[in-house]
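Read through the structure below, which is laid out as structure tokens, and then see the notes.
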Amino acid sequence: MDSTDHLILIALAAVTAFLPRYIPMLFFSTREIPDWFNEWMKYVPVSLFTALVVKSVFLSSTYHIELLGHVNYIIAGVIVILITYVTRSMAFSVLAGLVAVFVITTFF
């Protein structure tokens, strides 16, 4: 693969990343979005994030359920839940979760 192929690959990746974001914006910018749709969309980020976390914490690489397979992640998750409840800050909770996983996996 030479540099021209790399440039074509980068351009195609940019278009592929751009179009799924631009087309809905173009479509919905001229229309009124119903209230029920906005209410429903509030739950999408939470459900996607939950699905990602549950998969990485409670499933093995062969997709078998392991309730105590990643105890360090479970402990870090409990720490993050407590910090989130107290501070209500998403940024601080994410940073605390990263630090908690680092400390727990490094020292325990």
Side-chain angles (χ1 to χ4, degrees):
M1 199 179 241
D2 62 354
S3 60
T4 305
D5 292 336
H6 284 118
L7 288 175
I8 292 171
L9 182 64
I10 291 170
L12 289 174
V15 169
T16 303
F18 175 75
L19 286 179
R21 290 166 177 82
Y22 180 71
I23 291 172
M25 186 177 67
L26 183 67
F27 179 73
F28 286 115
S29 65
T30 59
R31 297 175 185 248
E32 183 70 28
I33 299 173
D35 290 335
W36 64 266
F37 186 76
N38 284 331
E39 285 294 318
W40 180 75
M41 287 302 287
K42 288 181 186 178
Y43 298 106
V44 171
V46 174
S47 61
L48 290 175
F49 184 71
T50 303
L52 291 172
V53 168
V54 168
K55 180 195 171 293
S56 63
V57 171
F58 295 113
L59 292 179
S60 68
S61 60
T62 58
Y63 291 102
H64 290 94
I65 295 174
E66 294 182 356
L67 293 180
L68 297 175
H70 303 284
V71 177
N72 51 352
Y73 293 156
I74 295 170
I75 294 169
V78 170
I79 292 170
V80 168
I81 289 169
L82 293 173
I83 289 173
T84 304
Y85 182 75
V86 171
T87 64
R88 306 277 189 214
S89 170
M90 180 64 106
F92 187 67
S93 300
V94 169
L95 289 175
L98 291 171
V99 169
V101 168
F102 173 75
V103 169
I104 291 169
T105 56
T106 303
F107 299 111
F108 297 105

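Remember, predicted model here, so these are calculated numbers, not experimental data.
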Taking [Y] as the starting point, is it possible to reach [X] by hopping between hydrophobic residues whose side chains are less than 4.5 Å apart?
{"X": "V44", "Y": "F27", "result": "yes"}
{"X": "V46", "Y": "V54", "result": "no"}
{"X": "V80", "Y": "V57", "result": "no"}
{"X": "L19", "Y": "L26", "result": "yes"}
{"X": "F49", "Y": "I74", "result": "yes"}

Within this structure, what is the [atom1]-[atom2] distance for the pair [X] and [Y], rounded to the nearest 0.5 Å?
{"X": "R88", "Y": "I83", "atom1": "CZ", "atom2": "CD1", "value": "13.5 Å"}
{"X": "L52", "Y": "S47", "atom1": "CG", "atom2": "OG", "value": "9.5 Å"}
{"X": "I79", "Y": "T84", "atom1": "CD1", "atom2": "OG1", "value": "11.5 Å"}
{"X": "I75", "Y": "T105", "atom1": "CD1", "atom2": "OG1", "value": "11.0 Å"}

Hey, is [atom1] on [X] packed in by over 12 heavy atoms from elsewhere, all under 6.0 Å?
{"X": "L48", "atom1": "CG", "result": "yes"}
{"X": "D35", "atom1": "CG", "result": "no"}
{"X": "L68", "atom1": "CG", "result": "no"}

Open item on the list: In the structure I gave you, are the side-chain heavy atoms of V86 and L82 within less than 4.5 Å of one another anywhere?
Closed with: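 Sidechains of L82 and V86: no contact.
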Task: Min side-chain heavy-atom separation H70-F58 under 4.5 Å - done: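 Not touching, per the 4.5 Å side-chain cut-off.
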Task: By side chain to side chain donor-acceptor pair (under 3.5 Å) - contacts of E39 (at least two apart) - done: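 E39: side chain to side chain donor-acceptor pair (under 3.5 Å) contacts with K42.
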Which atoms form the tightest heavy-atom contact between [X] and [Y], and what is the distance?
{"X": "A76", "Y": "I104", "value": "N-CD1, 3.9 Å"}
{"X": "Y63", "Y": "L59", "value": "CD2-CD1, 4.1 Å"}
{"X": "F108", "Y": "V103", "value": "CD1-O, 4.0 Å"}

Task: Heavy-atom donor-acceptor pair, S56 side chain to V53 backbone, under 3.5 Å - done: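 Between the backbone of V53 and the side chain of S56 there is a qualifying donor-acceptor contact (under 3.5 Å).
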Task: Whether W40 and F37 hold their rings parallel, tilted or perpendicular, with breakpoints at 30° and 60° - done: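 It falls in the tilted class, 30° to 60°.
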